[in-house]
Amino acid sequence: DQQVKQNSPSLSVQEGRISILNCDYTNSMFDYFLWYKKYPAEGPTFLISISSIKDKNEDGRFTVFLNKSAKHLSLHIVPSQPGDSAVYFCAARQRNYGQNFVFGPGTRLSVLP
Amino acid sequence: DSGVTQTPKHLITATGQRVTLRCSPRSGDLSVYWYQQSLDQGLQFLIQYYNGEERAKGNILERFSAQQFPDLHSELNLSSLELGDSALYFCASSESFGETQYFGPGTRLLVL
(Lines give C-alpha, C1' and ligand atoms only; values in the text may rest on other atoms or scores of the structure.)
Protein backbone atom coordinates (compact mmCIF):
# COMPACT_ATOMS: atom_id res chain seq x y z
CA ASP A 1 0.00 0.00 0.00
CA GLN A 2 1.59 3.25 -1.15
CA GLN A 3 1.47 5.82 1.61
CA VAL A 4 2.92 8.56 -0.57
CA LYS A 5 1.61 8.92 -4.10
CA GLN A 6 2.70 11.00 -7.03
CA ASN A 7 0.05 10.23 -9.58
CA SER A 8 1.67 12.00 -12.50
CA PRO A 9 4.67 10.01 -13.73
CA SER A 10 5.67 12.86 -16.00
CA LEU A 11 5.00 16.53 -16.67
CA SER A 12 6.07 18.86 -19.48
CA VAL A 13 6.14 22.62 -19.06
CA GLN A 14 7.29 25.50 -21.22
CA GLU A 15 10.30 27.48 -20.01
CA GLY A 16 9.25 30.52 -17.99
CA ARG A 17 5.89 29.05 -17.01
CA ILE A 18 4.88 27.55 -13.69
CA SER A 19 5.51 23.87 -12.90
CA ILE A 20 3.19 22.27 -10.35
CA LEU A 21 4.10 18.87 -9.00
CA ASN A 22 1.60 17.08 -6.80
CA CYS A 23 1.88 14.60 -3.99
CA ASP A 24 -0.83 12.86 -1.98
CA TYR A 25 -0.44 10.88 1.20
CA THR A 26 -2.67 8.57 3.17
CA ASN A 27 -1.14 8.64 6.65
CA SER A 28 -2.51 11.51 8.71
CA MET A 29 0.35 11.01 11.20
CA PHE A 30 2.94 12.32 8.75
CA ASP A 31 4.31 15.56 10.18
CA TYR A 32 7.19 16.58 7.93
CA PHE A 33 7.52 16.58 4.18
CA LEU A 34 10.37 17.06 1.77
CA TRP A 35 10.93 17.40 -1.94
CA TYR A 36 14.01 16.00 -3.63
CA LYS A 37 15.24 16.54 -7.16
CA LYS A 38 17.16 13.84 -8.98
CA TYR A 39 19.19 14.10 -12.16
CA PRO A 40 20.15 10.93 -14.06
CA ALA A 41 23.18 9.12 -12.64
CA GLU A 42 23.16 11.30 -9.50
CA GLY A 43 21.75 10.94 -6.02
CA PRO A 44 18.61 12.83 -5.00
CA THR A 45 19.24 16.41 -3.88
CA PHE A 46 17.24 18.00 -1.10
CA LEU A 47 15.14 20.87 -2.41
CA ILE A 48 12.68 22.16 0.15
CA SER A 49 10.76 20.97 3.19
CA ILE A 50 7.62 21.84 5.11
CA SER A 51 6.43 21.01 8.59
CA SER A 52 2.82 20.07 9.22
CA ILE A 53 2.39 23.18 11.37
CA LYS A 54 2.77 25.31 8.25
CA ASP A 55 0.82 25.47 5.02
CA LYS A 56 3.44 27.14 2.86
CA ASN A 57 7.20 27.37 2.60
CA GLU A 58 9.09 29.36 0.03
CA ASP A 59 12.69 29.27 -1.14
CA GLY A 60 13.49 31.34 -4.19
CA ARG A 61 11.69 29.93 -7.21
CA PHE A 62 10.39 26.97 -5.19
CA THR A 63 7.28 27.00 -3.02
CA VAL A 64 5.71 24.04 -1.28
CA PHE A 65 2.07 24.12 -0.22
CA LEU A 66 0.55 21.73 2.28
CA ASN A 67 -3.16 21.02 2.61
CA LYS A 68 -3.48 18.74 5.61
CA SER A 69 -7.22 18.26 5.37
CA ALA A 70 -6.81 16.99 1.82
CA LYS A 71 -3.56 15.17 2.64
CA HIS A 72 -2.02 16.88 -0.33
CA LEU A 73 1.11 18.85 -1.00
CA SER A 74 2.39 20.51 -4.09
CA LEU A 75 5.65 21.97 -5.30
CA HIS A 76 5.49 25.10 -7.44
CA ILE A 77 8.46 26.16 -9.54
CA VAL A 78 8.24 29.68 -10.95
CA PRO A 79 9.61 30.45 -13.45
CA SER A 80 10.57 27.03 -14.73
CA GLN A 81 13.99 26.69 -16.32
CA PRO A 82 15.43 23.94 -18.53
CA GLY A 83 17.83 23.04 -15.69
CA ASP A 84 14.82 22.09 -13.59
CA SER A 85 14.26 19.07 -15.81
CA ALA A 86 14.68 16.15 -13.43
CA VAL A 87 12.74 13.59 -11.43
CA TYR A 88 11.10 15.05 -8.33
CA PHE A 89 10.40 12.89 -5.30
CA CYS A 90 8.06 13.75 -2.49
CA ALA A 91 8.88 12.22 0.93
CA ALA A 92 6.99 12.15 4.23
CA ARG A 93 7.94 11.35 7.80
CA GLN A 94 5.88 10.09 10.69
CA ARG A 95 7.29 11.35 13.93
CA ASN A 96 7.90 8.79 16.63
CA TYR A 97 7.48 5.92 14.21
CA GLY A 98 10.98 5.05 13.15
CA GLN A 99 11.49 8.67 12.15
CA ASN A 100 12.09 7.54 8.62
CA PHE A 101 10.86 8.92 5.38
CA VAL A 102 8.54 7.28 2.90
CA PHE A 103 9.21 8.30 -0.68
CA GLY A 104 6.78 8.67 -3.53
CA PRO A 105 7.53 7.10 -6.93
CA GLY A 106 8.60 10.40 -8.46
CA THR A 107 7.45 12.71 -11.25
CA ARG A 108 9.67 13.37 -14.24
CA LEU A 109 9.56 17.09 -15.12
CA SER A 110 10.64 18.26 -18.55
CA VAL A 111 11.01 21.99 -19.06
CA LEU A 112 10.96 22.77 -22.75
CA PRO A 113 12.93 25.75 -24.10
CA ASP B 1 28.23 17.78 -3.75
CA SER B 2 26.25 16.46 -0.78
CA GLY B 3 29.33 15.38 1.18
CA VAL B 4 28.20 11.74 1.15
CA THR B 5 30.51 9.41 -0.75
CA GLN B 6 29.78 5.96 -2.09
CA THR B 7 32.05 3.38 -3.62
CA PRO B 8 32.19 1.79 -6.05
CA LYS B 9 30.24 3.82 -8.58
CA HIS B 10 29.53 0.80 -10.74
CA LEU B 11 29.59 -2.90 -10.01
CA ILE B 12 29.02 -5.79 -12.39
CA THR B 13 28.82 -9.28 -10.99
CA ALA B 14 27.22 -12.65 -11.54
CA THR B 15 24.25 -14.37 -9.94
CA GLY B 16 25.07 -16.12 -6.70
CA GLN B 17 27.93 -13.77 -5.88
CA ARG B 18 28.35 -11.44 -2.90
CA VAL B 19 29.25 -7.75 -3.02
CA THR B 20 29.90 -4.98 -0.53
CA LEU B 21 28.88 -1.38 -1.05
CA ARG B 22 30.50 1.33 1.00
CA CYS B 23 29.24 4.68 2.21
CA SER B 24 30.89 7.55 4.07
CA PRO B 25 28.40 10.00 5.58
CA ARG B 26 28.73 13.78 5.73
CA SER B 27 31.05 15.01 8.42
CA GLY B 28 29.15 15.12 11.71
CA ASP B 29 26.21 13.01 10.57
CA LEU B 30 25.45 10.06 12.82
CA SER B 31 22.66 8.43 10.82
CA VAL B 32 23.16 6.43 7.66
CA TYR B 33 20.35 5.12 5.47
CA TRP B 34 20.38 2.69 2.57
CA TYR B 35 17.90 2.79 -0.30
CA GLN B 36 17.33 0.72 -3.39
CA GLN B 37 16.00 2.15 -6.63
CA SER B 38 15.10 -0.39 -9.26
CA LEU B 39 14.51 0.65 -12.86
CA ASP B 40 12.06 3.57 -12.97
CA GLN B 41 10.88 2.79 -9.47
CA GLY B 42 10.82 4.99 -6.41
CA LEU B 43 13.27 4.83 -3.56
CA GLN B 44 12.77 1.81 -1.34
CA PHE B 45 14.11 2.22 2.17
CA LEU B 46 16.26 -0.72 3.22
CA ILE B 47 17.84 0.01 6.58
CA GLN B 48 19.05 2.77 8.89
CA TYR B 49 21.93 2.95 11.34
CA TYR B 50 22.44 5.55 14.00
CA ASN B 51 25.81 5.91 15.69
CA GLY B 52 26.72 2.30 15.03
CA GLU B 53 23.42 0.69 15.91
CA GLU B 54 20.60 -0.51 13.70
CA ARG B 55 17.74 1.93 14.09
CA ALA B 56 15.11 0.89 11.57
CA LYS B 57 14.52 -1.75 8.95
CA GLY B 58 12.53 -1.40 5.79
CA ASN B 59 12.09 -3.75 2.88
CA ILE B 60 15.48 -5.39 3.23
CA LEU B 61 15.89 -8.98 2.12
CA GLU B 62 17.44 -11.54 4.43
CA ARG B 63 20.24 -11.95 1.87
CA PHE B 64 21.19 -8.35 2.52
CA SER B 65 22.87 -7.00 5.63
CA ALA B 66 24.52 -3.80 6.70
CA GLN B 67 26.63 -2.36 9.46
CA GLN B 68 27.96 0.98 10.60
CA PHE B 69 31.49 1.14 11.91
CA PRO B 70 32.95 3.26 14.75
CA ASP B 71 34.19 5.83 12.22
CA LEU B 72 30.53 6.04 11.08
CA HIS B 73 31.06 4.73 7.58
CA SER B 74 28.64 2.01 6.57
CA GLU B 75 28.69 -1.06 4.38
CA LEU B 76 25.80 -2.83 2.69
CA ASN B 77 26.44 -6.50 1.97
CA LEU B 78 24.42 -8.21 -0.73
CA SER B 79 24.77 -11.98 -1.02
CA SER B 80 23.42 -14.80 -3.20
CA LEU B 81 22.74 -12.14 -5.79
CA GLU B 82 19.86 -12.53 -8.21
CA LEU B 83 19.12 -10.79 -11.48
CA GLY B 84 16.40 -8.79 -9.74
CA ASP B 85 18.93 -7.23 -7.38
CA SER B 86 20.22 -5.11 -10.24
CA ALA B 87 19.47 -1.57 -9.17
CA LEU B 88 20.87 1.72 -7.95
CA TYR B 89 21.77 1.63 -4.29
CA PHE B 90 21.85 4.96 -2.51
CA CYS B 91 23.24 5.86 0.83
CA ALA B 92 22.03 8.94 2.69
CA SER B 93 23.05 10.54 5.95
CA SER B 94 21.57 12.95 8.45
CA GLU B 95 22.66 14.56 11.69
CA SER B 96 20.27 12.53 13.77
CA PHE B 97 17.18 10.61 12.81
CA GLY B 98 14.10 12.08 11.25
CA GLU B 99 16.11 14.96 9.86
CA THR B 100 16.67 15.92 6.26
CA GLN B 101 18.73 13.28 4.52
CA TYR B 102 21.55 14.00 2.11
CA PHE B 103 22.19 11.43 -0.56
CA GLY B 104 25.34 10.06 -2.09
CA PRO B 105 25.74 9.58 -5.85
CA GLY B 106 24.76 5.91 -5.67
CA THR B 107 26.25 2.59 -6.69
CA ARG B 108 24.86 1.01 -9.84
CA LEU B 109 24.80 -2.76 -9.45
CA LEU B 110 24.32 -5.00 -12.44
CA VAL B 111 23.86 -8.72 -11.82
CA LEU B 112 24.35 -10.88 -14.92
Side-chain angles (χ1 to χ4, degrees), chain A residues 1-10 21-27 29-53 57 59 62 64 86-109, chain B residues 1-10 21 23-26 29-51 53-60 87-110:
Chain A
D1 179 32
Q2 258 189 350
Q3 295 190 72
V4 178
K5 302 175 187 180
Q6 293 177 257
N7 292 321
S8 298
S10 62
L21 296 108
N22 294 305
C23 177
D24 295 289
Y25 59 96
T26 57
N27 189 341
M29 300 301 290
F30 285 146
D31 71 332
Y32 190 61
F33 304 87
L34 302 92
W35 283 94
Y36 283 88
K37 177 171 74 173
K38 185 183 181 302
Y39 292 120
E42 294 184 14
T45 303
F46 169 70
L47 203 52
I48 192 168
S49 64
I50 188 166
S51 164
S52 59
I53 62 173
N57 190 24
D59 184 2
F62 302 92
V64 56
V87 176
Y88 290 79
F89 292 99
C90 165
R93 180 194 75 187
Q94 180 180 339
R95 182 174 285 281
N96 299 326
Y97 190 78
Q99 302 274 19
N100 286 311
F101 288 93
V102 178
F103 283 79
T107 295
R108 183 179 301 277
L109 173 67
Chain B
D1 185 359
S2 66
V4 179
T5 60
Q6 287 187 250
T7 56
K9 196 163 184 171
H10 301 278
L21 313 183
C23 168
S24 292
R26 292 187 321 161
D29 284 359
L30 298 179
S31 271
V32 169
Y33 309 78
W34 287 97
Y35 291 87
Q36 179 192 56
Q37 185 185 24
S38 300
L39 190 64
D40 286 338
Q41 299 293 310
L43 292 160
Q44 296 295 319
F45 168 68
L46 296 178
I47 197 165
Q48 177 205 359
Y49 279 81
Y50 174 74
N51 204 20
E53 293 192 5
E54 183 183 303
R55 171 78 186 174
K57 252 183 177 176
N59 300 323
I60 187 165
L88 269 167
Y89 291 85
F90 289 105
C91 167
S93 73
S94 66
E95 285 186 22
S96 179
F97 36 85
E99 305 299 326
T100 300
Q101 297 172 22
Y102 295 87
F103 283 78
T107 292
R108 184 175 294 277
L109 173 67
L110 181 59

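The sequence lines fix the lettering, A, B, ..., with proteins before strands; numbering per chain opens at 1.
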* **B:Q37 and A:F89, any side-chain heavy atoms less than 4.5 Å apart** => yes
* Side chains of B:S2 and A:T45: closer than 4.5 Å at any heavy-atom pair? -> no
* **Region of A:A91 in contact with chain B, defined by heavy-atom distances below 4.5 Å** => neither
* Just how far is it from atom CG of A:L47 to atom OG1 of B:T100, taken to the nearest 0.5 Å? -> 11.5 Å
* **Heavy-atom side-chain proximity of B:Y35 to A:F103 below 4.5 angstrom** => yes
* Close aromatic pair by centroid cut-off 6.0 Å: B:Y33 and A:F101 -> no
* **From A:E42 atom CD to B:L88 atom CG, the distance as rounded to the nearest 0.5 Å** => 11.5 Å
* Separation between CD of B:Q101 and OH of A:Y36, rounded to the nearest 0.5 Å -> 5.0 Å
